[in-house]
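Just below is one structure, and these are the notes that go with it.
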Amino acid sequence: MSNVSIEEKLSKSNEQKINNINYNDFISRGGAFLIVPFGEGAIFSREDFSEDQKMFLTAAEEFAVKELAPISKDLNIYNKDLTLKVFRKMGELGFAGIDIPEKFGGLGLDKTTACIVAEVLSKCKSASMMTTFSAHTGIATLPIIWYGNDQQKEKYLPKMASGEWMGCYALTEPSAGSDAMGGTTKAELSEDGKHYILNGQKIYITNGSWADVCVTFAKVNGKYTGFIVDKNCEGYVIGEEEKKMGIKASSTVTLYFENCKVPIENVLGEVGQGGPIAFNVLYTGRYKLGVTTVAGAKYTISAALDFANEREQFSRPISKFDMIKKKFANMVTRTWEADNVNYMTSGSIDKEIAKVDSENEDYYLHVQKIIEDHSIEASICKVIGSETLAYVVDESVQVLGGAGFIEEYGMAGVYRDERINRIFEGTNEINRLLISSMTLKKAILEELPLRDAISMRSKNWLSEISGNSQFPDLENVVEYCRSATLFILNELILKYGQDMKNHQWVLEPFANMISSLSIVDTGLKRIEKIDSKAENLEVLELSICQQYTMLNTEMTKILSHIHSGNELKNINKMIQDYQHQLNYYPDEISLMDKVAARLYKHGKYYLD
């Protein structure tokens, strides 16, 4: 498709017939927040948890709080025997098989319930234990569920569900990190045709030294292919444990395949299907990482607040000082934002999956496509979740002051553990590229009616106001943000066409705009369904205030790069006119003060 044809599709709106959009057709589609206005959409949130989901929440929370949290210090020190003991207990309780179908010994939970379990298990206060758990239940197990044949599923899944076997996922190579397809590990068919002989190495493999089962990838005559490797396969060599900055109690090793003999029946999927296998499971890993990082942010906020209330300077607790209040207000707001987007994403995925007959022989193919369709949301969850936790932990160290730098107080360990999350499941840089490029893809392939949405808003950024919101001023701001994001998408396509995907200077700020839109859209749509709104409304108001500022900053950055002179001047004048129409001049300091006061009243994170 040429650049000209893209322009023809996405510009010159006054020359095109604008199609009315039936928003109901897109509410649970990936990227829906880009087009579905407040008055036409609804999102899944905590208020929609079913009784069954609440039951799983309670069971997982009881295990994490009563059995794991008391030994959290031990779980944060490398101890293979203890970790495996806890892991097997997770298996006995069903948690190790949350995504594994019931017919293979698992719980077969929907995506939201699996997220709930992962979130509340994080109350064990051990990032290392959660890393071990998440790698097993996600990227190590899902490839077999989705792509394995019946014989493979029957052999591996029951023992992986019970906790008898642990799994790992080996993708990264010394020369292939973000560019995973550039790996050099090779697999050649043996002379007798019974085995593939693998040669190569995989690095930074979570669970690597403890795993009984390894999902890995190698090239067969140049075709990227998935394999299931048993730990007792000849030529499967486990390297020494890496000495890591954080998550020190988890296993991270290099795996060496030295003429490793893998039975031919252990090819996962088809020869040459390794790319989809490798990448499709990462989407799930991303939104689940969003969940576990937000869980960590919640208990870190509470720990920092306890210290701030106890620590006195100048004859009063440091929590009384305004700059400390500012830190806590922002911690709470960012955590709330990420939490909303996490469950919006899982709920949307579940709604689409519910339309598919689970007895359909292509059921898991449909599931994969639905999750891939939500790739924008998955990457947003990963980015804002990991960066929220990074912000919360960094500010918590600052609240603790010198104590934050001392191992005895624990925050130093949390600081080290946190850092990996912006690298796991694709770096945040890669995920920002995905957010922007997948939005471009949906526009070009018309997977969403982005052309019509751009056209409908081209003459009036505030044309899609419902008039029935309880908070019309906030709705106006959200719709402004949606129109601004669509406007920038159109401007970038007009400037670069399909080559937009190669211009990272603008892709990064555009991804930030998309993320800000998802945050304010989800927050406003959630607040309308909450009965007791006051506590959430205070946070929503601060969230919209800050995201509106951020979105405008990123938009200005992009426009100043792609336009100049009178053209830029005219565009800026148009945007200023819309901002004047909004008449939106929030008092950010007062909003932060309200959120901090509410947190202090509760004494802990309070928005669950």
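A quick note: this is a predicted structure, and the numbers were derived from the prediction, not measured.
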Problem - Glu387 with Lys382: basic N within carboxylate O range, under 4.0 Å - result: no
Handout entry: Donor on one side chain, acceptor on other, His366 and Glu352, under 3.5 Å
Key = no
Practice task
Look at Glu372 together with Lys369 and state whether they make a salt bridge at an N to O cut-off of under 4.0 Å.
Solution key: no
Exercise for the section: Answer yes if the side chains of Gln368 and Tyr147 hold a donor-acceptor pair under 3.5 Å, and no otherwise. Expected result: yes
Handout entry: Residues Asp521 and Lys525 bridged, charged N to O under 4.0 Å
Key = yes
Exercise for the section: For Tyr480 and Gln579, test the side chains for any donor-to-acceptor distance below 3.5 angstrom and give the result as yes or no. Expected result: yes
Completion exercise
Paired with Phe487, the ring pair (Phe, Tyr, Trp, His ring centres under 6.0 Å) test is passed by just one of Phe510, Trp461, Tyr578, namely Trp461
Exercise for the section: Classify the side-chain pair Asn421/Thr293 by whether it contains a donor and acceptor separated by less than 3.5 Å. Expected result: no
Handout entry: Between Phe133 and Phe95, ring centroids under 6.0 Å
Key = no
Problem - Residues Asn536 and Tyr606: side-chain donor-acceptor under 3.5 angstrom - result: no
Handout entry: Pair Glu47-Tyr343, side-chain donor/acceptor within less than 3.5 Å
Key = no
Practice task
Output yes when Glu479 and Arg457 qualify as a salt bridge under the 4.0 Å nitrogen-oxygen rule, no when they do not.
Solution key: yes
Problem - Test item: side-chain donor near acceptor, Thr345 and His374, under 3.5 Å - result: no
Handout entry: Arg482 with Glu464: basic N within carboxylate O range, under 4.0 Å
Key = no
Exercise for the section: Identify whether the distance between the nearest side-chain nitrogen and carboxylate oxygen of Lys442 and Glu446 falls below 4.0 Å. Expected result: no
Exercise for the section: For Glu528 and Ser469, run side-chain hydrogen bond (donor to acceptor under 3.5 Å, both in side chains): C-alpha distance rounded to whole Å, both residues' side-chain angles, the deciding distance at 0.1 Å, then the answer. Expected result: CA-CA 8 Å; Glu528 290 283 339; Ser469 171; 3.1 Å; yes
Exercise for the section: Using a strict 4.0 Å threshold on nitrogen-to-oxygen distance, state whether Lys557 and Glu554 make a salt bridge. Expected result: yes
Exercise for the section: Spell out, as yes or no, whether a donor-acceptor pair under 3.5 Å connects the side chain of Arg29 to the backbone of Asp373. Expected result: no
Problem - Within the 6.0 Å centroid threshold, strictly below: Phe26 and Phe33 - result: no
Problem - Pair His503, Asp499: side-chain N/O donor-acceptor within cut-off below 3.5 Å - result: yes
Practice task
Answer whether the closest heavy-atom distance between the side chains of Tyr605 and Tyr299 falls below 4.5 Å.
Solution key: no
Problem - Beyond-backbone contact of Ile43 with Arg526, side-chain heavy atoms, under 4.5 angstrom - result: yes
Practice task
For side-chain hydrogen bond (donor to acceptor under 3.5 Å, both in side chains), just list the numbers for Thr113 and Asp110, CA-CA rounded to whole Å, side-chain angles, deciding distance to a tenth of an Å, and then say yes or no.
Solution key: CA-CA 6 Å; Thr113 310; Asp110 58 65; 2.8 Å; yes
